[in-house]
Peer 1: 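My questions all concern the structure below.
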Amino acid sequence: MKAMHRSRYSALSLVRHALKEMPWRRAWRAATPQPHYDVIIVGGGGHGLATAYYLAANHGIRRVAVLEKSYIGSGNVGRNTTLVRSNYQLPGNTQFFEHSLKLWESLSHTLNYNVMLSQRGQVVLAHGPAQLDVLARKGNTMLLNGIDAELLDRGEVMRLLPYLDYSSECRFPIYGGLLQRRAGTVRHDAVAWGYARAASDLGVDIIEHCEVTGFIENQGRITGVDTTQGRIHAGRTAIAVAGHSSHLAAMAGLRLPIESHLLQAFVTEAIKPFVDHVISFGAELFYISQSDKGGLVFGGHIDGFNSYTQRGQFPKAQDVAECAVALIPSISRLRLLRHWGGIQDMTPDGSPFIGRTPLRDLYFNGGWCYQGFKATPASGWCFAHTLAHEEEHPLIRHLALDRFERHNGFDEYGLGLWPYRQ
Amino acid sequence: MLRIPCPHCGLRDYTEFQYGGDASKIRPVHTEECLAPWHDHVFLFDNPKGVHREYWQHRLGCRQWLIIDRHTATNVIEPTTRDPTNSDLMNSDLMNTGRQP
Ligand SMILES: Cc1cc2nc3c(=O)[nH]c(=O)nc-3n(C[C@H](O)[C@H](O)[C@H](O)COP(=O)(O)OP(=O)(O)OC[C@H]3O[C@@H](n4cnc5c(N)ncnc54)[C@H](O)[C@@H]3O)c2cc1C
Ligand SMILES: [Zn+2]
């Protein structure tokens with residue numbers, strides 16, 4: 001298939017465009033569906049687009065289509081709070097997420113698209129000695145795997161984050177923390193656009209407003225999909241639709257260990273540079289960072305009951321605001337500017353699934369819970385490998401769809417067994 | 001705000017309730033020795049984008065367990081003619097095992 005060699009972005013191309021006052025060209029081709037592809041990827045989120053890119057770039061498989069029911073970036077890839085890190089402790093997770101962070105570190109160059117990785121460091125707080133012990137163990141696991149980690153005592157946290165509440169009446173006194181300096185944030189939309197542009201340049205068709213409505217099945221084998229733009233055949237079909245995983249799987253007659261839940265994110269009005277790191281509260285699921293525009297961005301738990309609404313419930317706004325003020329009292333007068341929701345694919349053990357399904361030539365990637373954004377590059381990398389070789393990449397063998405049948409649940413946080421309680 | 005009609009206490013904010021998950025599943029009988037039905041019961045979900053039959057407990061009210069039918073894409077709760085607290089309708093899962101979700 002024709003590869004499009006469009007001009008690369010560079011300082012020179014910026015100046016040239018400014019002088020000529022030309023509009024920038026579309027970042028990726030508008031494509032219409034061909035009758036047949038080697039691989040069809042359902043879902044134009046971060047994972048689908050990254051998979052398409054690595055199929056073309058790493059494996060030379062370029063007859064690939066990404067089918068997106070809405071527009072690129074309309075799902076969770078454009079709704080998340082953009083944190084990336086690799087401070088995990090279960091063997092398997094540690095290596096997978098570090099692979100992802102390494103890919104993030106070179107992604108802007110790889111894609112010739114600035115994804116604005118900001119390695120500002122993430123501090124996970126401990127509010128008591130037992131919690132700090134757990135963080136020390138995690139830090140040691142990271143160090144043994146060649147990942148940067150620094151254990152901080154209370155004084156060191158105070159020096160690094162002087163604006164937290166260290167008063168004597170503080171409800172959850174700060175005891176210490178774990179710092180990963182290489183962790184940080186990435187411009188989420190740019191990830192979708194960057195992968196889309198780079199994949200399109202290699203010949204991948206990115207087809208927006210094309211909803212998959214069914215699968216073509218032939219004697220236990222999936223040979224393509226029905227869509228709102230007609231029937232499309234494929235050698236292999238891959239599902240990467242995040243919150244709609246169960247909905248798609250049901251079209252192929254599969255039931256998944258997944259529930260869909262609403263997660264909200266919040267942004268305050270913009271202030272001058274203040275929160276220089278990503279901070280994770282240790283007393284609740286709550287984390288905060290500051291965007292380049294100056295707004296404080298934060299999030300917390302899922303709303304807690306099955307939902308496809310993409311519209312949040314107000315009590316969560318109150319929960320996260322309480323956490324924010326408990327942690328940083330000085331922001332109590334800030335106004336909340338916006339909040340929004342995304343539908344998260346939650347699993348019983350908090351870990352995702354990547355790999356083959358019981359149906360031949362149908363592959364699945366989903367169940368990412370809270371961690372799918374940071375996983376995007378490694379997920380695409382490993383999923384592309386799996387599709388190309390018809391066998392799971394070594395980094396994702398622990399993430400098989402049938403792991404519960406084999407008593408191999410993979411519970412990083414020890415929160416199992418109910419997806420709505422993760 | 002999602003509000004749930006409790007047959008004892010009336011229409012109340014969902015924050016007074018504890019969610020208990022999918023109520024449409026039938027628990028395998030205790031003597032079931034084959035692991036496959038247990039696996040399916042514990043780990044697989046229909047997770048519909050549509051009407052979902054689910055457990056809620058009115059924890060900060062009458063403490064009754066209820067079963068409601070709620071549309072997961074609109075949060076509209078379907079009117080019901082059955083008694084949502086009738087234990088015949090509570091499949092054995094919560095009632096007979098004392099599971100506290
Ligand atoms: C509020 C919020 C905050 C988060 N914060 C973080 C964070 O800080 N760090 C982190 O690592 N993760 C975070 N996550 C999780 C992360 O965003 C997701 O796990 C990840 O983005 C999911 O993968 P995706 O990008 O491929 O999904 P999506 O972008 O949702 O892509 C799936 C796509 O599939 C499409 N689709 C669905 N049905 C069909 C169909 N029938 N046919 C065709 N297309 C279809 C959808 O339209 C959608 O575009 C957060 C999530 C939310 C909601
Ligand atoms: Zn009641």
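Just so we're on the same page: letters track the sequence lines, and every chain starts at 1.
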Peer 1: Is there a side-chain contact between H52(B) and F305(A), using heavy atoms and a 4.5 Å cut-off?
Peer 2: no
Peer 1: Which bit of L35(B) is near chain A, if near means a heavy-atom gap under 4.5 Å: side chain, backbone, both or neither?
Peer 2: side chain
Peer 1: Of the options D46(B), N47(B), D40(B), which is the one that meets R255(A) in a side chain to side chain donor-acceptor pair (under 3.5 Å)?
Peer 2: D46(B)
Peer 1: What's the shortest heavy-atom distance between P48(B) and Y308(A), and which atoms?
Peer 2: O-CE1, 3.2 Å
Peer 1: Measure distances from W56(B) to the heavy atoms of chain A and classify the residue's part below 4.5 Å as side chain, backbone, both or neither.
Peer 2: side chain
Peer 1: Just checking R3(B): does its CZ atom have more than 12 heavy atoms from other residues, nucleotides or ligands closer to it than 6.0 angstrom?
Peer 2: yes
Peer 1: Do the non-hydrogen side-chain atoms of L44(B) and P257(A) ever get within less than 4.5 Å of each other?
Peer 2: yes
Peer 1: What's the shortest heavy-atom distance between K49(B) and K69(A), and which atoms?
Peer 2: NZ-NZ, 4.1 Å
Peer 1: Given N75(B) and R311(A), is the side-chain contact (heavy atoms from CB on, under 4.5 Å) satisfied, shown in steps?
Peer 2: CA-CA 10 Å; N75(B) 280 342; R311(A) 221 178 303 123; over 6 Å; no
Peer 1: Provide the closest heavy-atom pair for L417(A) versus F43(B) in the form atom of the first, atom of the second, distance.
Peer 2: CD1-CE2, 3.6 Å
Peer 1: Taking everything shown except R406(A) itself, do over 12 heavy atoms lie less than 6.0 Å from its CZ?
Peer 2: yes
Peer 1: Which of parallel (below 30°), tilted (30 to 60°) and perpendicular (above 60°) describes Y19(B) and H261(A)?
Peer 2: perpendicular
Peer 1: Sort I258(A) into side chain, backbone, both or neither according to what part of it lies under 4.5 angstrom from a heavy atom of chain B.
Peer 2: both
Peer 1: Who among E405(A), Q310(A), H247(A) has the most heavy-atom pairs with chain B under 4.5 Å?
Peer 2: E405(A)
Peer 1: Among P315(A), P348(A), A249(A), which residue forms the greatest number of heavy-atom pairs with chain B at distances under 4.5 Å?
Peer 2: P315(A)
Peer 1: When only pairs under 4.5 Å are counted, which of D13(B), T15(B), L2(B) shares the most heavy-atom pairs with chain A?
Peer 2: L2(B)
Peer 1: How long is the gap from CG on N306(A) to NE2 on H71(B), to the nearest 0.5 Å?
Peer 2: 13.0 Å
Peer 1: For atom CD of E78(B), decide whether the heavy atoms of other residues, nucleotides or ligands shown that lie under 6.0 angstrom number more than 12.
Peer 2: yes
